[in-house]
2 protein chains.
Amino acid sequence: MSTNPKRDVFASLARVGTALSSPIRIEFLELLAQSERSVEQLAGLTGTTVANTSQHLQRLRQAGLIVGRKEGLYVFYRLAGDEVVALLSAMARVGEAYVADVERIVRLYFAQKDELEPVPAKEVLERARKSLVTVLDVRPPEEFAAGHVPGAINIPVQELEKRIKELPKRREVIAYCRGPYCLMSFEAVEKLRKKGWRARRLENGLPEWRAAGLPVVEEAES
Amino acid sequence: MSTNPKRDVFASLARVGTALSSPIRIEFLELLAQSERSVEQLAGLTGTTVANTSQHLQRLRQAGLIVGRKEGLYVFYRLAGDEVVALLSAMARVGEAYVADVERIVRLYFAQKDELEPVPAKEVLERARKSLVTVLDVRPPEEFAAGHVPGAINIPVQELEKRIKELPKRREVIAYCRGPYCLMSFEAVEKLRKKGWRARRLENGLPEWRAAGLPVVEEAES
DNA sequence: CTATTATTCAAGTGATATATTGAATACTAG
DNA sequence: CTAGTATTCAATATATCACTTGAATAATAG
């Protein structure tokens with residue numbers, strides 16, 4: 001009597017787990033954590049066929065992780081809610097803490113990870129308000145436009161070296177990107193430090209910032 | 001250059017997701033969230049063969065979710081850390097919020113779920129210290145022995161009806177069990193209310209209580 | 001209505017996961 | 001060393017999953 005519905009609950013949870021069991025689907029989720037996107041966009045960004053992308057998105061939707069919105073010809077998908085971001089963060093934390101691979105990979109590509117101590121979100125918000133730090137968003141412009149930390153400057157990581165002069169040198173730079181397992185902010189901090197700037201990473205990325213209820217600026221569409 | 005390690009990180013996260021993609025493995029995790037257990041115990045509790053149980057446990061271990069400890073003939077498995085409890089909670093929250101099934105099942109068996117408002121952990125601790133409430137642990141005795149809320153009384157839910165007199169009637173009873181998707185505490189509250197007691201559920205269960213850093217009593221072994 | 005485009009559906013194939021079975025390994029007791 | 005037990009390993013049939021292909025839907029423009 002009491003064990004039957006329990007099994008059903010486990011089955012439901014397992015459906016969520018199954019949705020998270022494919023690297024491509026996790027990549028879709030990370031992209032959708034930035035802003036809503038159409039099927040075609042997601043297919044292009046990940047290099048998979050449209051039909052395949054559509055099928056993956058439907059599995060994610062059946063698991064309750066994303067929702068779709070039809071607008072004209074396009075279907076725009078987005079995360080179902082902040083709980084999904086929390087779930088991804090929890091997975092990343094388990095992965096970092098216990099799966100040797102993740103740490104090994106991060107160390108391999110960013111040997112000085114230990115020196116790149118992240119800054120907690122609340123601290124950044126306070127110090128940004130007092131103009132004590134420069135907040136740097138290293139994501140692509142379209143993601144910046146869909147929402148960013150108030151007062152942040154947007155310089156995609158590829159352009160950082162040639163546009164580095166736009167950042168005041170006397171203030172410390174706090175860089176952020178997509179999330180705890182997005183590596184662009186590591187790269188940015190590395191480059192900034194090489195050129196003599198003081199720089200650190202924001203703990204986590206914009207999705208977590210948003211999920212924590214901190215203010216986000218969204219640019220008005222023209 | 002920057003997209004290659006990213007794919008690897010997604011693959012690592014997907015391995016965690018794959019580990020969470022089977023109902024039986026989630027059941028094992030929920031049992032292990034209570035206390036460490038041997039392979040044989042887990043097999044008995046879930047009704048699967050020992051060989052099958054062993055294989056599932058190894059997949060969980062490879063994903064970094066559990067760790068094993070050999071003691072004589074037995075191998076005792078336990079969760080790798082509190083992060084795993086957080087991950088399970090995050091999954092349950094997504095499931096409850098967005099997967100219609102979970103909510104439907106809970107409603108089906110506990111129609112008055114809305115009236116069973118849970119009590120936050122901090123509130124319970126305070127009021128238990130002042131003896132304003134009775135804390136009731138409805139899990140089996142062996143799980144109670146492995147760790148419980150300070151001052152809690154242990155009456156497994158099956159025995160609740162015949163032992164209900166052990167609970168003082170003038171104080172409100174706060175019941176808890178294994179976690180947010182464990183249904184025993186719902187059942188307990190239902191029975192208590194029918195008999196005229198005031199009763200509510202503790203928000204979440206013991207694993208979350210422990211993960212939140214709140215005090216836990218472990219009985220000394222003889 | 002027709003043509004066009006984004007998305008979804010359906011069928012097929014190769015790969016992967018699951019549960020079962022029987023044997024191998026590791027440890028303890030005597 | 002031998003017997004007995006807990007766990008793991010290996011081999012197998014069945015089921016499920018991932019990706020491709022080609023066609024079907026649905027919305028828009030002309």
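Residue numbering restarts at 1 for every chain, and letters A, B, ... go by the order of the sequence lines. Please read these numbers as outputs of a predicted model, since none were measured by experiment. Just the heavy atoms: all of them, side chains too, but no hydrogens, waters or symmetry mates, feed the values below.
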Q: Whole angstrom is fine here: how far is it from CG in B/Leu60 over to P in C/dT18?
A: 10 Å
Q) For the pair made of CD1 in A/Ile24 and C1' in D/dC17, what is the distance, rounded to whole Å? A) 13 Å
Q. Are the charged groups of A/Arg25 and A/Glu27 less than 4.0 angstrom apart, N to O?
A. no
Q: Please work out if A/Thr48 contacts a base, only the sugar-phosphate, or nothing of the nucleic acid, heavy-atom cut-off 4.0 Å.
A: nothing
Q: Nearest whole angstrom, please: distance from the C1' of C/dT18 to the CZ of B/Phe28.
A: 13 Å
Q: Could you state the atom-to-atom distance from CZ of B/Arg59 to P of C/dT16 in whole Å?
A: 12 Å
Q | B/His56 vs C/dA19: side-chain N/O to OP1/OP2 distance below 4.0 Å | A | yes
Q.
Could you tell me if B/Glu208 and B/Ser89 have a donor-acceptor pair between their side chains, going purely by distance under 3.5 Å?
A. yes
Q: Compute whether any side-chain donor of one residue and acceptor of the other, for A/Thr53 and A/Thr48, lie under 3.5 angstrom apart.
A: yes
Q.
Using salt bridge (charged side-chain N to carboxylate O under 4.0 Å, His left out), reason through A/Glu218 and A/Arg210 one step at a time and then give a plain yes or no.
A. CA-CA 12 Å; A/Glu218 294 179 19; A/Arg210 195 196 295 270; 3.5 Å; yes
Q) So which one's nearest nucleotide on DNA chain D is more toward 5', A/Gly72 or A/Ser22? A) A/Ser22
Q. Reading nucleotides 3-12 of chain C from the 5' end, what letters show protein touch, with B for base, S for backbone sugar-phosphate only, - for no heavy atom under 4.0 Å?
A. --BSSBBB--
(Q) Could you tell me if the side chain of B/Leu167 sits less than 4.5 Å from the side chain of B/Ile155, heavy atoms only? (A) yes
Q.
Rounding to an integer number of Å, can you tell me how far B/Glu27 CD sits from C/dA19 C1'?
A. 16 Å
Q: Sequence neighbours left out, what passes side-chain hydrogen bond (donor to acceptor under 3.5 Å, both in side chains) with B/Glu166? Give chain and number order.
A: B/Arg163
Q: Would you kindly give the CZ-to-P distance between A/Phe10 and C/dT18, to the nearest whole Å?
A: 17 Å
**Q.** Distance, rounded to the nearest Å, where A/Arg69 contributes CZ and D/dA27 contributes C1'
**A.** 15 Å
